[in-house]
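One structure is given below, encoded as structure tokens.
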Amino acid sequence: DCFNLIENPNEYDFIVRIRPDITISDVSFNENKLVFNSCIWHNYYFSNAAKKVNEMIWISQPDLMFKSIKIYDNLEKFAKDDFCGEAICYQNLIIEDILKDTIFFNFNYRVVR
């Protein structure tokens, strides 16, 4: 629903989707900037065998972000055998045919509880 609050998403170079209980540290920048190409950047790599992707923070161009957040639209298509957040995010990327557009970006974060 938060994505739908953006009036003109294509006016932005990239959009950050982050859980509100996350703090980020030790982000590495190249020449004081991040370059966002046609990919979704995410943290905490799972092997493809695990069929999971971290849902804590994603960064991408608006068109890919729009596809990556269609979880509720695709809910009936998900396999019911592994219904955790990471598995649901992974399955949504498969359904939307954008798993190939993800890139692992290593940074440290902490969940504040």
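Keep in mind that this is a model prediction, so the values were computed, not measured. The figures here come from the full heavy-atom set of this structure, side chains too, leaving out hydrogens, waters and symmetry mates.
- Atom CG of D101 sits about 9.5 Å away from atom OG of S60, to the nearest 0.5 Å.
- Contacts of Y12 classified as ring pair (Phe, Tyr, Trp, His ring centres under 6.0 Å), with partners at least two apart in sequence or in another chain: none.
- Listed by chain and residue number, nothing satisfies the side chain to side chain contact (heavy atoms under 4.5 Å, CB included) test with C2 (two or more places apart in sequence, or in another chain).
- A distance of 11.5 Å separates CG in N54 from NZ in K52, rounded to the nearest 0.5 Å.
- In terms of the side chain to side chain donor-acceptor pair (under 3.5 Å) criterion, E7 has no residue partners (sequence neighbours excluded).
- When the salt bridge (charged side-chain N to carboxylate O under 4.0 Å, His left out) test is applied to R19, the partners found at least two apart in sequence or on another chain are D21, E55.
- Contact of the P9 side chain with the M65 side chain is not registered, since no non-hydrogen atoms from C-beta on lie closer than 4.5 Å.
- N10 is linked by a side chain to side chain donor-acceptor pair (under 3.5 Å) to nothing, counting only residues two or more places apart in sequence or in another chain.
- Taking CD1 of I59 as the start and CD1 of I18 as the end, the distance is 8.0 Å to the nearest 0.5 Å.
- Under the rule for a side chain to side chain contact (heavy atoms under 4.5 Å, CB included), the partners of N74 that lie at least two apart in sequence or sit in another chain are K70, K77, F78, N92, I95, E96.
- Once rounded to the nearest 0.5 Å, the distance linking CE of M56 with SG of C89 reads 10.0 Å.
- A chain of hydrophobic side-chain contacts below 4.5 Å, direct or via other Ile, Leu, Val, Met, Phe, Trp or Tyr residues, connects V111 to I57.
- Two residues are said to be in side-chain contact when any heavy atoms from C-beta on lie closer than 4.5 Å; W58 and L64 fail this criterion.
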